[in-house]
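Written below as structure tokens is the structure these notes are about.
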Amino acid sequence: MSETGRRRSVVIGLLGTKLDAGKRAERRWDAWRPTVALGQQEDFVVDRLELLVPPGHQSLATLVAKDLKSVSPATEVRLHAFAVEDPWELAAMYGALYDFVRAYPFDADREDYFVHITTGTHIAQICLFLLVESHHLPGRLLQTSPPSQNQRQPRGTLSIIDLDLSRYDSLARRFELEHREARSLLKSGIATKNAAFNRLIEEIELVALRTKSPILLQGPTGAGKSRLALRLYELKRARHQLQGPFVEINCATLRGDLAHSTLFGHKRGAFTGAAADRPGLLRAANGGVLFLDEIGELGLDEQAMLLRGLEEKRFLPLGSDTEATSDFQLLAGTHQDLQAAAMSGRFRDDLLARINMWTFRLPGLRDRKEDIEPNLEFELESYSKDSGEFISFNREAREAWLDFATSSAAHWTQNFRDLSASVHRLCTLAPGGRIDLDTVAREVERLRSQWEPRPARKSCLVERFLPGQAQDEFDRVQLEAVLEICRSSRSLSDAGRQLFAVSRALRASTNDADRLRKYLARFGLTFEAIRSP
Amino acid sequence: MIEIDGAKGEGGGQILRSSLSLSLVTGKPFRMVKIRAGRSRPGLLRQHLVCVEAAAQISGASVEGAELGSSTLGFHPGPVRPGNYEFAIGSAGSTVLVLQTVLPALWSAAGPSRLGVSGGTHNPMAPTFEHFQAAFLPVLRALGIEVQARLVRPGFFPAGGGEIRLEVAGSARLRPWACRERGPLLRRMANALIAHVPRSVAERELRRLQGGLQLQAEELQISTCDSAGPGNALVLALEYESTTEVVSAFGSKGKRAEDVADDLVNEARIWLEASAPIGEHLADQLLLPLALGKGGEFVAVRASEHLRTNAELIPLFLPADIRIETRGCGAQIRVLQS
């Protein structure tokens with residue numbers, strides 16, 4: 001009578017040899033009987049029940065089927081003899097349920113399947129859960145619950161258990177909180193605002209907690225690779241994903257035999273001065289994290305051994321005949337383009353392939369201008385914490401520093417290293433723990449000169465012939481080049497030919513010497529004066 | 001297409017059942033939205049679906065949205081087909097409510113019908129068979145409808161398994177009807193129904209009831225029934241010259257027999273202290289037959305939310321004018337054919 005297209009609800013469950021019996025047959029309607037309760041729900045209809053009946057309970061099954069028919073005439077009940085040697089033994093129960101499921105003609109196009117887990121032994125519940133979770137049994141878990149004290153009616157309640165935990169609002173909030181905590185940890189508690197960086201952190205969090213594969217952190221010097229590596233380790237440790245230590249080395253500091261023995265260890269007497277066995281950093285990082293900063297600086301021999309250590313968790317200490325083992329997660333840092341290094345043969349491409357499955361590119365500070373302020377707070381706080389004295393800015397000073405720090409004049413060539421050093425200097429020089437405008441002005445000057453492109457500013461000749469005279473940059477650069485050519489030319493005409501070679505070839509100008517003389521005259525200079533030593 | 005807001009008025013199952021009845025008789029399709037909106041479990045429940053399915057079956061209706069939890073239902077009835085029908089509804093809802101849903105269509109149909117409905121017959125949330133039999137059907141007969149009902153076996157919650165059989169002549173020609181006074185009291189009868197419950201329970205109930213309402217010994221009766229599961233209902237019929245009221249109370253696990261009797265006494269006192277001839281629940285049920293027939297008027301103990309909902313619903317299907325006037329002695333209700 002209802003439309004033919006309606007999907008049918010099919011429940012698969014075990015007969016509850018105790019619960020479904022009630023206390024006594026004649027009082028059974030007073031008791032909550034889970035299998036009968038399936039048919040008593042106002043908002044759930046069972047079209048068919050596949051009831052698995054343990055041996056010896058056929059009459060109970062028949063009674064339950066009859067009562068179910070009475071409360072829910074539309075429910076078809078199919079009884080299946082279900083023998084398990086020991087219903088409290090996992091393998092036996094799982095095997096029996098697995099066989100039932102394998103033989104069952106599921107018709108997922110027309111029917112929805114529900115697995116009733118309220119009846120049966122705990123082992124049966126576990127097995128049903130596992131079968132549903134692994135999708136061997138294409139259904140959802142169904143739970144019936146007894147009525148509460150103030151409910152007189154024995155039908156109790158029924159709920160469908162969704163195993164997708166993120167669907168539960170209250171849990172989703174907790175997961176969100178957990179994510180936020182993780183991201184905050186990865187950011188060292190700094191409330192960064194840069195959208196690209198925050199997205200990167202979200203990705204790193206997701207990946208870090210799900211993989212034991214190597215992770216490559218790429219970014220300019222001082223971008224915070226080393227700090228992020230440590231935070232990643234702390235996060236994994238806080239989530240009980242590893243127990244071992246965090247071991248860190250900058251590969252630029254490793255050379256030759258020392259490199260091999262530092263990383264992979266050596267046997268006593270392996271080389272002059274090898275007075276005792278040394279385990280090496282790979283073994284030290286067992287069960288933890290090995291952070292190899294500037295991995296591009298690693299020698300080719302060490303790269304080969306590292307690859308073996310990653311792929312087989314085995315490697316050969318220097319001077320040893322037997323391989324050592326260590327199980328660690330590799331984090332690698334680099335400021336180089338390792339792809340290019342691999343092309344030119346300076347980096348093994350097989351190692352690169354192994355470590356760059358997860359590559360994260362950290363932006364430099366110049367690309368994260370909105371993060372300068374929160375990092376300023378962080379640095380101030382950590383200085384205060386380390387030094388034990390509270391340092392603060394006055395308002396104008398703070399604004400002045402931030403103005404400069406976020407301007408295009410601030411190059412931040414060493415990124416966070418520069419920022420940290422700048423704040424450190426401000427704090428050290430702050431009169432009475434208060435950073436004022438004057439302290440900031442001097443610091444800005446220091447930063448400016450530190451970032452000044454010195455070799456580019458060649459104006460020795462201009463300085464020499466026009467001492468103390470301010471010139472526009474436009475003129476200064478041109479004049480310097482002209483003076484240089486004049487100094488190396490034998491005559492005014494000679495210099496003119498060089499300087500105007502192109503227009504001369506086009507016959508656009510014939511009197512080069514005159515043009516040059518007039519140009520020099522504008523600055524009060526003559527060729528003779530320039531040529532004089 | 002008639003559009004009905006299912007959340008209006010009573011906003012539950014009654015507006016749906018009344019709409020089904022009206023649609024069957026008038027042949028007009030309807031679409032109901034916001035079904036049971038705002039209830040703790042909104043949308044259609046099983047007890048509502050069984051009514052929809054029964055209505056669809058006797059008329060070959062096409063139905064959209066007849067699913068558990070659905071908040072929208074489209075119902076397009078075909079011509080009502082008199083004949084023999086069996087509906088098995090289990091313990092989901094009430095056999096009486098299913099019967100009341102399809103009854104107007106069957107008395108209007110061209111031929112006689114026989115119905116068997118199995119499931120719950122004595123349920124606290126719906127009229128009992130006794131109320132249907134002794135209070136409702138006599139009014140239908142007075143209107144000109146030939147109908148007989150028989151309780152084969154009671155069905156108590158939770159086991160259900162009861163059965164009611166009903167015969168209705170069809171092709172009814174309805175008369176106007178009026179009921180303004182009860183008239184003299186003719187008979188009182190208290191009946192304690194028990195199934196798989198000790199007889200002492202019924203005896204205690206009746207003893208308490210006798211004291212509470214000053215009944216005579218011959219006005220008390222115990223009916224030991226055969227039923228699928230245990231159950232107990234205490235039913236009091238009060239028959240007057242021009243009306244009958246039936247009130248009831250139900251025993252349940254853990255409830256004292258004396259408390260069941262006290263529940264009934266309280267129900268009966270509301271009726272006894274009033275003077276209007278039509279009880280609150282019967283009044284709800286009479287608007288449809290009157291509007292479908294030649295109209296009429298009566299005085300009810302009170303005009304309930306159910307009655308007001310029906311009064312608003314009926315004009316969507318029929319050219320009827322329903323007036324409710326509240327007076328000191330109750331509510332005066334007039335159903336006029338316009």
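Chain A is the first sequence line, chain B the second, and so forth, proteins listed ahead of strands; every chain is numbered from 1. Here the structure is a predicted model, which means the values were calculated and not measured. Note that these values count all heavy atoms, side chains included, but never hydrogens, waters or copies made by symmetry.
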Original post:
chain B heavy atoms under 4.5 Å from Asp67(A): which part of the residue, side chain, backbone, both or neither?
Top reply: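 For Asp67(A), there is no contact with chain B at all, as no heavy atom is under 4.5 Å.
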**OP:** Identify the heavy atoms of Ala228(B) and Ser70(A) that sit nearest to each other, and give their distance.
**Re:**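 Where Ala228(B) meets Ser70(A) most closely, the heavy atoms are CB-OG, 4.0 Å.
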Original post:
Can you say whether Leu68(B) sits under 4.5 Å from chain A via the side chain, the backbone, both, or neither, judging by heavy atoms?
Top reply: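 Side chain of Leu68(B) only, per the 4.5 Å heavy-atom cut-off to chain A.
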Original post:
Highest number of heavy-atom pairs under 4.5 Å with chain A: which of Gly161(B), Ala159(B), Gly69(B)?
Top reply: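 The answer is Ala159(B).
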Counting only heavy atoms not in [X], do more than 12 fall under 6.0 Å of its [atom1]?
X	atom1	answer
Glu3(B)	CD	yes
Arg204(B)	CZ	yes
Lys34(B)	NZ	no

**OP:** Kindly compute the distance separating NZ (Lys253(B)) from CZ (Arg27(A)), expressed to the nearest 0.5 Å.
**Re:**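 Separation between the atoms: 8.0 Å.
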Subject >> Distance, nearest 0.5 Å, that separates CZ of Arg46(B) from CD of Gln41(A) >> reply: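 Going from the CZ atom of Arg46(B) to the CD atom of Gln41(A) covers 8.5 Å.
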Subject >> Qualifying residue for side-chain contact (heavy atoms from CB on, under 4.5 Å) with Pro158(B), from Gln40(A), Arg155(A), Arg33(A) >> reply: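 Option passing the side-chain contact (heavy atoms from CB on, under 4.5 Å) with Pro158(B): Gln40(A).
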